[in-house]
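Below is one structure, written out as structure tokens; the observations come after it.
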Amino acid sequence: MSQIRIQERDFSLSDEYELFRRSAGGKAGAIASFVGLVRDTAKEEQVKGLILEHYPGMTEKSIEKIVSQSYERWRLLDVLVIHRIGHLRPTDQIVLVLVASSHRPDAFAACEYVMDLLKTEAVFWKKEVQEKSTVWIESTADDHSRRDQWHKTEKVSTR
């Protein structure tokens with residue numbers, strides 16, 4: 001079971017968490033979470049905002065693949081990914097990942113895995129609005145290195 005939402009509107013972490021916790025039910029022993037935010041600086045440049053674009057259908061499919069792979073690696077009960085698009089300002093929330101599992105190690109690992117692969121595999125276009133220009137953002141070498149580390153490790157679960 002999983003849920004993927006691409007939306008312009010902001011989300012409430014507390015509301016999403018409460019709905020997710022109830023949905024996971026009594027089998028859940030752990031819920032791991034990650035919330036990504038827009039920074040106000042990048043490479044020593046002042047950031048005024050971030051513009052996120054996507055290709056409807058293709059973006060969701062790329063995230064579904066990531067989530068599906070997480071279910072193959074760990075014993076999970078539920079995964080929620082909310083990713084925002086549109087014009088965002090510094091300190092705005094960009095992404096929420098919630099992962100429920102019977103055991104803490106699976107929840108932590110899967111949450112980190114989903115987030116690491118969102119950075120490199122999800123179909124989004126990101127443009128940073130700086131003081132004097134705009135810059136298209138691509139995945140960094142560190143992002144690719146983190147993704148590659150996951151591909152080198154065996155599927156691990158507390159099963």
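- With sequence neighbours excluded, the residues forming a side chain to side chain contact (heavy atoms under 4.5 Å, CB included) with Ser12 are Ser14, Asp15, listed by chain and number.
- Not counting sequence neighbours, the partners of Gln130 by the side chain to side chain contact (heavy atoms under 4.5 Å, CB included) test are Glu45, Glu128, Ser133, Val135.
- Looking at Thr120 and Asp116, their side chains never come closer than 4.5 Å, going by heavy atoms from C-beta outward.
- Side-chain contact between Arg146 and Glu112 is present, with at least one heavy-atom pair separated by less than 4.5 Å.
- When the options Lys126, His54, Gln7 are evaluated for a side-chain contact (heavy atoms from CB on, under 4.5 Å) with Ile85, the one that passes is His54.
- Identified under the ring pair (Phe, Tyr, Trp, His ring centres under 6.0 Å) test for residues 111-141, with sequence neighbours left out: Trp74-Tyr113, His83-Phe124, Tyr113-Trp150.
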What do the steps show when you test Arg84 against Asp10 for side chain to side chain contact (heavy atoms under 4.5 Å, CB included), and what is the final call? CA-CA 7 Å; Arg84 295 186 60 205; Asp10 198 6; 3.5 Å; yes

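- Residues satisfying the side chain to side chain contact (heavy atoms under 4.5 Å, CB included) test with Ser102, not counting sequence neighbours, are Leu77.
- Between Lys65 and Glu121, no side-chain nitrogen of the basic residue sits less than 4.0 Å from a carboxylate oxygen of the acidic one, so the salt-bridge criterion is not met.
- Between Lys61 and Glu64 there is no salt bridge, since none of the side-chain N atoms of the basic residue sits less than 4.0 Å from a carboxylate O of the acidic one.
- Ion pairing between Lys127 and Glu53 fails under the 4.0 Å rule for side-chain N and carboxylate O.
- Looking only at side-chain heavy atoms (C-beta outward), Ser70 and Leu76 come within less than 4.5 Å of each other.
- Connection of Ile4 to Leu52 is established within a shared hydrophobic cluster, with ILVMFWY side chains joined at heavy-atom distances below 4.5 Å, either directly or through further cluster members.
- Under the 4.5 Å side-chain contact rule for hydrophobic residues, Ile82 and Leu13 share a cluster.
- Closest heavy-atom contact between Asp106 and Ser101: CB-OG, 3.3 Å.
- Residues Ile6 and Pro56 form no side-chain contact, since every pair of their non-hydrogen atoms from C-beta on lies 4.5 Å or further apart.
- Using modelled atom types, one finds no donor on one side chain facing an acceptor on the other under 3.5 Å when comparing Gln149 with Arg147.
- Across all non-hydrogen atoms, the minimal contact from Ala32 to Cys111 is CB-CB, 3.9 Å.
- Nearest heavy atom pair, residue Ala30 against residue Ala107, reads CB-CB, 4.0 Å.
- Gln46 and Thr41 make their closest contact through OE1-CG2, 4.2 Å (heavy atoms, listed as atom of the first residue, atom of the second, distance).
- Ile51 shares a hydrophobic cluster with Val129; the chain of contacts runs through ILVMFWY side chains whose heavy atoms sit under 4.5 Å apart.
- Across Thr91 and Leu37, no two heavy atoms sit closer than the pair O-CD2, 4.0 Å.
- In the model, Asp148 has no side-chain atom that pairs as donor or acceptor with a side-chain atom of Ser145 under 3.5 Å.
- Counting heavy atoms from C-beta outward, Glu138 and His144 have side chains that stay 4.5 Å or more apart.
- The cluster map of Ile, Leu, Val, Met, Phe, Trp and Tyr, joined by side-chain heavy atoms under 4.5 Å apart, puts Leu117 and Ile94 in the same cluster.
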Give the C-alpha distance, both sets of side-chain angles, the deciding distance and a yes or no for side chain to side chain contact (heavy atoms under 4.5 Å, CB included) between Val79 and Gln3. CA-CA 6 Å; Val79 176; Gln3 192 178 160; over 6 Å; no

Given side chain to side chain contact (heavy atoms under 4.5 Å, CB included), test Leu80 with Val97 step by step and report yes or no. CA-CA 6 Å; Leu80 169 69; Val97 176; over 6 Å; no

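- Put simply, the side chain of Ile66 reaches to within 4.5 Å of the side chain of Leu118, judged on heavy atoms.
- Connection of Val47 to Ile137 is not established within any shared hydrophobic cluster, with ILVMFWY side chains joined at heavy-atom distances below 4.5 Å, either directly or through further cluster members.
- Using a 4.5 Å cut-off on side-chain heavy atoms (C-beta onward), Val95 and Met115 make contact.
- Ion pairing of Glu16 with Arg21 is absent here, as no side-chain N (NZ or NE/NH1/NH2) approaches a carboxylate O to less than 4.0 Å.
- Pairs engaging residues 3-37 under the ring pair (Phe, Tyr, Trp, His ring centres under 6.0 Å) rule: none recorded [sequence neighbours left out].
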